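All ligand and atom numbering here is 1-based and tracks the order in the structure. In what follows, residues are counted from 1 in the order of the sequence shown. None of these values were measured; they are calculated from a predicted model.
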Amino acid sequence: MFRSVLVANRGEIAVRIIRTARRMGLRTVAVFSDADRDALHVGLADEARPIGPAPARDSYLSIDRIVEAARFAGAEAIHPGYGFLSENADFAEACRAAGLVFVGPPPAAIRAMGSKAAAKALMERAGVPLVPGYHGEDQHPDLLAREAERIGYPVLIKASAGGGGKGMRVVTDPGGFAEGLALAQGEARTSFGDDRVLVERYLERPRHIEVQVFADRHGDAVHLFERDCSIQRRHQKVVEEAPAPGLTAERRAVMGRAACDAARAIGYEGAGTVEFIVEGDAFFFMEMNTRLQVEHPVTEMITGQDLVEWQFRVADGEALPLRQDELSIHGHAMEVRVYAEDPARHYRPSIGTLHHLRPPAEGPHVRVDTGVRQGDAITVHYDPMIAKLIVWDRDRPAAVRRLEAALARYEVAGVETNLGLLRRVAAHPDFLAGDVDTGFLDRHPEVLASDLTLPPFAALAAATAAILADWGHAAPGAGADAHSPWGLASAWRLNGDGHQDLTLHHAGIDHALRAFPRPDGTFALEAGGRRGAVGRRDGDALAIDGVRCRVPVVRDRDTFWVIVDGAAWPLRLVDPLAPPRSEGAGGDRLVATMPGRIVAVQTEPGAAVKRGEVLLVLEAMKVQMRLTAPRDGVVAAVRAVLGDLVDDGDDLISFEPLS
Ligand code: MV4
C-alpha cells in the first residue's frame, strides 16, 4: 500500500477521506485555497499546502498546482473526492505521468462515460437497457424528426455532451419538434461547445435509482446495491436513501448485474455509480459517474463497508475486499443535504457566518459528515453545503422517524438553511409511504414554500430576555461597539410605569412587544395578543410561564437568532428613530421582500404619502404583509395591480425624487 495520499478537495469530503486515510495509517496531505486557510480539513491533515486564490479555477481546479503540491509533499497517491477534478481525465493522466496513484478509474474509462451519446452506444453493445431513442452521429434535422416519430411522442431532446439536465427539451408533438431541436442545440452549443443531441422517449415522472459498483484491476466487479435519489430540486438531490423503497430482490439483482456489466464493458476500476431512470418495472441506463458520490454514506450504512477504504485498496492493486455473495443489506439509511440557502429567495445560497452550529449527537443511528464548525463562514466561492445528515435504522419507517428527530435537533443560526424544507419532506405522508419519484416536489409545492409563519412567543420572549439582560449590563448608548443595538439608545424607552416597548422585525413584519421588567431579572411580556411570564436565562434555557425550554439565542449585530424546536428565527431589533428600511432599495422605491400575491393596492400615482403609510399588501403563505412608504413623498408609478404574483426583489412602487 502507498503510504501517503494528497486529498485534492475541500470541505466535508476532504475531511471524510482524511479520516479513513488516517485510520489506515496513511500520511495525509491537504491542499487549501486562500479562503480555506483555517478550514477544518486543513487542520486534520498531517500536512497542508496552499494552492492559490479562492476561486476554484485558480486552486482546486488547477491540475498543475495540485500535482506540484503532491510532488513537494512526497505524496504517493491523490484522492480527488467528488466535484472539482474528480472526473477530469486529463488530471488522472497528469497524476500517472507524475508517478502518482490516481485513486479513481483509468483516464479511458472517464472519457468513455464523458460523452452521454457515446456512453449510450457503448452500453447498448454491452446489453444494458436504454430508453428507446436515437444516439447516432447523423444530426440531420429531418432524420432526427423521423427518429422522434419512430420513438413516439413525447420525446426528450438532450445534449450529447451534457448531463445533469442541461440542454434538455421536452417535445410533445411533431409540430413542435423543429423548434425544440433548435432550442436544445442552442443550449448545448453555449453550455458544452457541442450542439449534437440525442432523442429519447420522455418518461413523465421517473424514479432515479443508481447502483454503486466497484471494480478491480483483475477484471472483477461487484455492486453494493442501490440508492434512490428521486427527490430532487432542479437536478439537485435533496434526499438519498438505500435501499430503494419497494424494489424487489429480483429487480435489485437484475439492475446490479446490469451495472456490473456496464463497468466491465469500459474496463472500469474503483468506485463508480451507474444511474438508471425507472418507470414501473422497467429501468434504463442514464449515465455513469466515474467518482465517489456525495451520497455514498447511505451505502456504507446499509453494507457496513467503508467505501473510501475500498477505493484505496483497489487503487493499490488489491482484489475487491468482498465477493458479491459476501455483501448484504442491513436496515435502511437516509441522507439529507443541509444547505445554507434562503427559502424566501428561491433557495439561493445564504452567505454568512455560522454563528451557532449544533448538529444532533452522532451514534449508531446518526452520522454527520461536515467540513465546517461554528464560527466558519459560508462564502460565495464554494458549494454552500453545511453538512450531510445520515440516519440509519432497521427498516424504512424507523429511519424516517430517526430523520425527523435528528432534523429537529439540528441547530443553525447566522445563515438561512433548508432545514425547514427537509423537515417538511421527512414529515410528509407520501414520503413515509415511499411514494417518491422525480415529481415529488412539483406535486407538493407546500414543501418548498418558505417557512413564512409568525415567530412563536418563545422566540420573541428569548430575544427580549437576551436584549434586557444585555441592557442590564450596559446602559443604552454606553457601549463602545458601533454595531451594538444597545448603542441605539432610541430603541429603549423606559416609560412612566416602567414598561419597555420594542420592535422585532421578521420576514417583512414588525412585531411590537411590551416588556414589564421586574427587579429580579424576570419580566412579563406582551406580544401578539399574548402575555407570558419570562424567567431569567440559564445558559440556553429559559422558563416561559414556568415551563423550561431550550431556546438558544445568538446575536449578529442588530439581529437575534433564536432557535425554537429546531427552527431558527432571525429577529432584527428595530430602532424606531432610524429611517425605515426598504430592503434592497433606496428611498425612491418599494420592492417586494418575498414572492407572493398583491392582495391590496392602497395608493395611486400622484398620491402624497407619509412615511410608514401602508401602500400595498402582499400575501405570501397565508400571511399578509403591509408594505409601507419608505419616506414622505409623492408616488410616481405603481407597477403592481391587485392579484399580481410578484417575485422577491420586484420593483412595486417608485417615488418622485426629493427636490
Ligand atoms: C430523462 C427524463 C425522462 N425521460 N430522460 C435529468 C438529468 C439527466 N441525468 C437525466 N434526466 C432525465 N432524463 C428521459 N428519457 C427525466 C430526467 C429527469 C431527472 C432524472 C433523474 C433525476 C431527476 C430528474 C429530474 C428531472 C428530469
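Within ligand 1, the atoms closer than 4.0 Å to a non-hydrogen atom of Q232 are 22 (C), 23 (C), numbered from 1 in the order shown. Remark: ligand 1 atoms within the under-4.0 Å shell around heavy atoms of M286 are 5 (N), 10 (C), 13 (N). Close contacts between ligand 1 and R201 involve ligand atoms 4 (N), 14 (C), 15 (N) [criterion: under 4.0 Å to a heavy atom]. Ligand-side atoms of ligand 1 in range of Y202: 3 (C), 4 (N), range being under 4.0 angstrom from any heavy atom. Close approach to K158 involves these atoms of ligand 1, each under 4.0 Å from a residue heavy atom: 1 (C), 5 (N), 10 (C), 13 (N).
Under 4.0 Å from ligand 1, the heavy atoms of V131 that appear belong solely to its side chain. The side chain of E287, and not its backbone, has at least one atom closer than 4.0 Å to an atom of ligand 1 (non-hydrogen atoms only; side chain from C-beta on).
Of the candidates Q311, Q305, R313, R313 is the only one forming a side-chain hydrogen bond (donor to acceptor under 3.5 Å, both in side chains) with E309.
Considering backbone and side-chain N/O atoms, T438 never comes within less than 3.5 Å of an N/O atom of ligand 1. Backbone and side-chain nitrogen or oxygen atoms of E200 are examined, and one is located within less than 3.5 angstrom of a nitrogen or oxygen of ligand 1.
Residue M168 places a heavy atom under 4.0 Å from ligand 1.
In this structure, CD in E295 is found 9.0 Å from CD in Q212, a value given to the nearest 0.5 Å. One distance of note links OH of Y268 with CG of D216; it measures 13.0 Å at 0.5 Å rounding. Annotation: the span from F276 atom CZ to R207 atom CZ amounts to 14.0 Å, rounded to 0.5 Å. Taking CD of E275 as the start and NE2 of H208 as the end, the distance is 4.0 Å to the nearest 0.5 Å.
For the pair I378 and P349, the minimum side-chain heavy-atom distance is 4.5 Å or more.
A salt bridge links R111 with E93: the distance from a Lys NZ or Arg NE/NH1/NH2 to an Asp or Glu carboxylate oxygen falls below 4.0 Å.
Side-chain rings of Y202 and Y153 stay apart, their centers remaining 6.0 Å or farther from each other.
Residue nearest to atom 18 (C) of ligand 1, selected from H235, E279, H208: H235 (by heavy-atom distance).
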